[in-house]
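Structure first, then comments.
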Amino acid sequence: MTQSVPLDKVRNVGIIAHIDAWKTTTTERILYYTGKKHKIGEVHEGAAEMDWMEQEKERWITITSAATTCFWKGHRINIIDTPGHVDFTIEVERSLRVLDGAITVFSSSDGVQPQTETVWRQGDKYGVPRMCFVNKIDKIGANFAMCVESIKSRLSPKAVAIQFPNGEASEFKWIVHLLTMKYYTFEGDNGEKQIEHDIPEHLVAKAEEMREELIDAVSVFDDEVTEKFLWWEEITEAELTRALRKWVISNQVYPVLVGSSLKNAWVQLMLDVAVAVLPSPIDIGAVKGTDVNNPEKLISREPKNSEPASALAFKIMTDPFVGTLTFVRVYSWVIKTGDQLLNPITGKKERVGRLVLMHARKMEDIDQIEAGHICAFLGLKEVTTWHTLCDVEKPIILEKMDFPDPVISISIEPNSKKDQEKMGIALSKLAAEDPSFRYYTDEESLQTIIAWMGELHLEIIVDRLKREHKVEVTTGKPQVAYRETITTNAEWEGIFKRQTWWRGQFGHVLLRLESTTGELDDKGEQINYQFKDEVTWWRIPKEFIPAIDKGAREIMQQGILAWYPIINIRCCPYDGSYHDVDSSEIAFKIATYRAFKNAFLKANPVILEPIMDVEVVTPDNYVWDVMGDLSSRRGMIQGQNTRGNAVVIEAKVPLSEMFWYATSLRSATQGRATFTMKFASYEKVPNNISEQIIKERSGKVKGMDDE
């Protein structure tokens with residue numbers, strides 16, 4: 001069984017980055033130097049342990065987050081290696097939700113890239129303390145100063161270098177570490193031996209200047225260091241590390257380190273800093289949740305083995321040999337094999353069949369898992385991503401995770417009857433594993449529709465259907481996830497009245513629709529739907545108000561103009577009437593349908609399309625070709641700048657114009673340009689395109705007059 005360490009020596013750490021920053025290469029070195037592996041696995045050789053999927057080995061990228069555990073100088077480090085491609089951002093999201101700290105990896109020649117900004121914002125969302133590792137310092141075009149400046153300007157001004165390299169690219173010759181004020185080289189076949197030297201004379205002045213900058217950054221928050229700094233007294237490594245740790249944990253400072261994972265050096269120093277400054281579960285403190293019986297009441301669980309059980313399921317994985325694996329972060333209590341826990345979301349009890357520590361895809365059986373740790377449960381039946389598991393007698397619901405809606409969909413059909421029987425089961429398993437992937441049956445065409453986040457995401461889904469589930473399918477043409485909304489406010493009266501031989505139906509509601517476009521909620525997110533009850537109690541009894549809300553939600557999901565979901569609306573019922581005998585919930589729902597539909601059509605409705613932030617990195621001799629192509633796709637060029645020897649073009653482009661853009665870009669630039677794309681916002685579709693969309697879908701729009 002894996003050795004136990006005190007909780008203050010535990011580090012739950014994520015490795016996050018933009019694609020091709022050699023994040024997984026860094027993780028592989030961590031496993032090697034901590035003794036978890038006896039041989040280094042290279043990503044480009046398909047031998048990286050953390051990239052275990054066949055699709056990952058073939059593409060040299062990380063697709064799904066992988067967990068492992070290793071030990072370093074008396075500390076236990078639970079690591080999650082996350083994907084860097086924008087299509088798999090959800091993997092980063094759910095990992096950061098349960099981690100205590102993160103190491104953000106940067107390419108030294110590229111600085112901050114689009115997906116780096118995305119994962120950094122996710123870290124901000126969950127308040128995850130981070131440190132930065134500027135990788136590939138030996139690469140042509142490497143520029144440590146540029147990279148640090150881009151971190152400060154694009155991510156946080158609180159970034160501060162605690163190391164610097166002696167030379168860059170081919171001139172690179174080891175590093176200076178400002179905490180110890182020593183110069184480090186590495187020897188051995190794989191850089192196993194770390195050699196400490198005095199700083200070379202020609203680097204002393206620069207080292208002293210940068211150490212003063214570091215002390216200045218942390219002394220603002222530490223009185224003892226400030227006093228010594230002002231009185232020119234010597235500040236020891238221990239004092240500086242203590243102050244740095246304090247402010248890293250509170251997200252006031254982000255230390256920046258440098259190295260080259262592929263050249264097998266400086267990862268050991270990074271590990272030293274990680275265990276020294278990143279938080280333990282004790283530093284993070286109690287996890288907060290809500291009372292099952294009173295959702296308005298907040299309760300908490302301290303990270304202690306003596307507290308009532310609380311844990312969060314953050315990832316589901318299906319293994320063909322052992323079944324469903326549920327990855328869980330345990331916040332309190334000691335959970336043992338055979339324990340019975342409550343899932344307060346479903347209200348059902350779940351028994352833990354087996355407990356395993358995951359090492360990528362390998363499993364290590366354990367008897368128990370203590371507070372503050374991460375492992376996988378086997379035997380759970382109705383638990384999915386973001387479900388809470390807790391003490392049966394003292395339940396708690398931990399904060400759920402929100403997942404983005406897919407922006408693209410296509411029809412998918414099995415190639416044979418045999419495939420048809422297997423496809424539903426396969427899609428169900430894939431959807432359970434990946435909350436950003438959805439599937440459903442179109443009510444009109446009876447086709448199976450799958451929805452996903454991007455081209456690579458679709459490619460992987462279809463490939464997994466064929467390889468893992470042995471299902472051969474044919475896919476249709478991609479469809480854009482359009483939305484509908486209003487541009488002005490409007491009111492309407494809805495009445496539903498019907499008399500039958502035994503009793504009647506009567507519902508009467510007046511409601512106002514208001515646009516919430518640009519309005520943000522308490523979390524700083526766009527308000528897509530808000531229900532505001534303005535009805536005085538004697539006009540419509542309170543028991544019928546939820547039916548009005550439900551009717552509004554249902555019609556918003558169905559759509560009106562072109563049968564696309566409606567967003568950015570506040571529904572305000574303000575008057576109406578009822579009948580003592582004939583009024584019912586269904587009558588008020590239908591009355592709401594009618595009032596909503598007519599108010600919507602009166603409020604100058606429009607169709608919205610997803611707009612993507614697109615960044616193209618290209619050699620300068622292809623710039624005009626790339627910009628011209630983006631403009632022809634209704635793209636708006638936002639700017640351009642240089643990054644090393646390449647030109648970076650930023651644009652906003654409608655998703656509908658970006659299908660199969662990768663092939664077009666490769667063709668136009670002889671395969672030398674790359675691009676990334678992520679969802680930016682929904683914007684109004686041009687009138688000519690809107691008319692075409694409505695015309696194509698007019699036969700599918702359902703009438704709302706339920707007579």
Side-chain angles (χ1 to χ4, degrees), residues 55 59 63-64 85-90 403-417 419-484 557-559 562-565 567 607-612 614 633-634 653-665 675-679 682 685 689-690 692-701:
Q55 293 88 347
R59 293 168 174 80
I63 293 170
T64 183
H85 195 284
V86 66
D87 284 10
F88 308 106
T89 300
I90 188 64
F403 303 116
D405 291 328
V407 292
I408 318 173
S409 63
I410 60 171
S411 61
I412 183 170
E413 295 182 359
N415 288 355
S416 68
K417 186 174 181 180
D419 290 323
Q420 184 175 14
E421 294 170 353
K422 296 188 294 183
M423 188 177 76
I425 298 173
L427 291 175
S428 175
K429 290 181 178 179
L430 291 173
E433 292 184 20
D434 183 356
S436 64
F437 167 69
R438 315 279 170 82
Y439 75 99
Y440 61 92
T441 300
D442 185 280
E443 293 181 0
E444 293 293 315
S445 66
L446 299 181
Q447 289 180 306
T448 299
I449 306 296
I450 61 173
W452 74 99
M453 303 303 294
E455 288 182 30
L456 182 59
H457 194 195
L458 168 67
E459 191 178 320
I460 298 302
I461 290 292
V462 174
D463 194 42
R464 291 188 65 189
L465 279 172
K466 294 177 180 179
R467 290 197 194 192
E468 297 174 25
H469 302 282
K470 312 302 180 187
V471 179
E472 294 291 333
V473 297
T474 300
T475 57
K477 181 182 177 181
Q479 300 292 321
V480 177
Y482 292 105
R483 295 290 185 265
E484 302 175 13
Q557 187 60 40
Q558 292 174 348
W563 205 15
Y564 288 112
I567 61 172
I607 293 179
L608 305 176
E609 63 180 340
I611 304 296
M612 312 303 285
V614 178
R633 296 170 183 269
R634 295 195 285 128
V653 190
L655 174 62
S656 61
E657 305 288 344
M658 290 298 292
F659 292 136
W660 322 130
Y661 178 63
T663 302
S664 175
L665 183 65
F675 84 102
T676 55
M677 178 176 73
K678 63 181 179 181
F679 174 76
Y682 274 100
V685 173
I689 298 177
S690 177
Q692 182 180 347
I693 292 170
I694 293 173
K695 182 179 179 180
E696 289 177 354
R697 292 176 63 90
S698 60
K700 293 185 177 181
V701 179

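These values consider heavy atoms only, across backbone and side chains, with no hydrogens, waters or symmetry-generated copies.
Residues Ile90 and Ser436 come closest through the heavy atom pair CG2-OG, 3.5 Å. Pro654 and Ile611 make their closest contact through CA-CD1, 3.8 Å (heavy atoms, listed as atom of the first residue, atom of the second, distance). Closest heavy-atom contact between Pro610 and Ala481: CD-O, 3.8 Å.
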Trace of the side chain to side chain contact (heavy atoms under 4.5 Å, CB included) decision for Arg634 with Ser656: CA-CA 10 Å; Arg634 295 195 285 128; Ser656 61; 3.3 Å; yes
Are Asn415 and Thr474 close enough, and set up right, to give a side chain to side chain contact (heavy atoms under 4.5 Å, CB included), and what steps lead you there? CA-CA 7 Å; Asn415 288 355; Thr474 300; 2.8 Å; yes
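Here the CH2-CD1 distance, from Trp563 to Ile693, works out to 16.0 Å after rounding to the nearest 0.5 Å. One distance of note links OG1 of Thr89 with CZ of Phe679; it measures 13.0 Å at 0.5 Å rounding. With rounding to the nearest 0.5 Å, the separation of CE in Met612 from OH in Tyr661 is 13.5 Å. Rounded to the nearest 0.5 angstrom, Glu484 CD and Leu608 CG are separated by 8.5 Å. In this structure, the separation between CD1 on Ile460 and CG on Leu465 is 11.5 Å, given to the nearest 0.5 Å. Between the OH atom in Tyr682 and the CG atom in Leu655 there is a gap of 8.5 Å [rounded to 0.5 Å].
Geometric assessment of Arg697 against the ring of Tyr482 yields a negative cation-pi assignment under the 6.0 Å and 45° thresholds.
Proximity of Ile449 to Gln479: side-chain heavy atoms (C-beta onward) are nowhere separated by under 4.5 Å. Contact annotation: the side chain of Phe659 approaches that of Val480 to within less than 4.5 Å [non-hydrogen atoms, C-beta and beyond]. Between Ile689 and Ile607, every side-chain heavy-atom pair lies at or beyond the 4.5 Å cut-off.
Taking the side chain to side chain donor-acceptor pair (under 3.5 Å) definition, one finds that Ser690 meets it with nothing, sequence neighbours left out.
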List the atom pairs, with distances to 0.1 Å, where a side-chain N or O of residues 421-430 and a protein N or O form a donor-acceptor pair under 3.5 Å, not counting sequence neighbours.
from, atom 1, to, atom 2, distance (Å)
Lys422, NZ, Lys470, O, 2.7

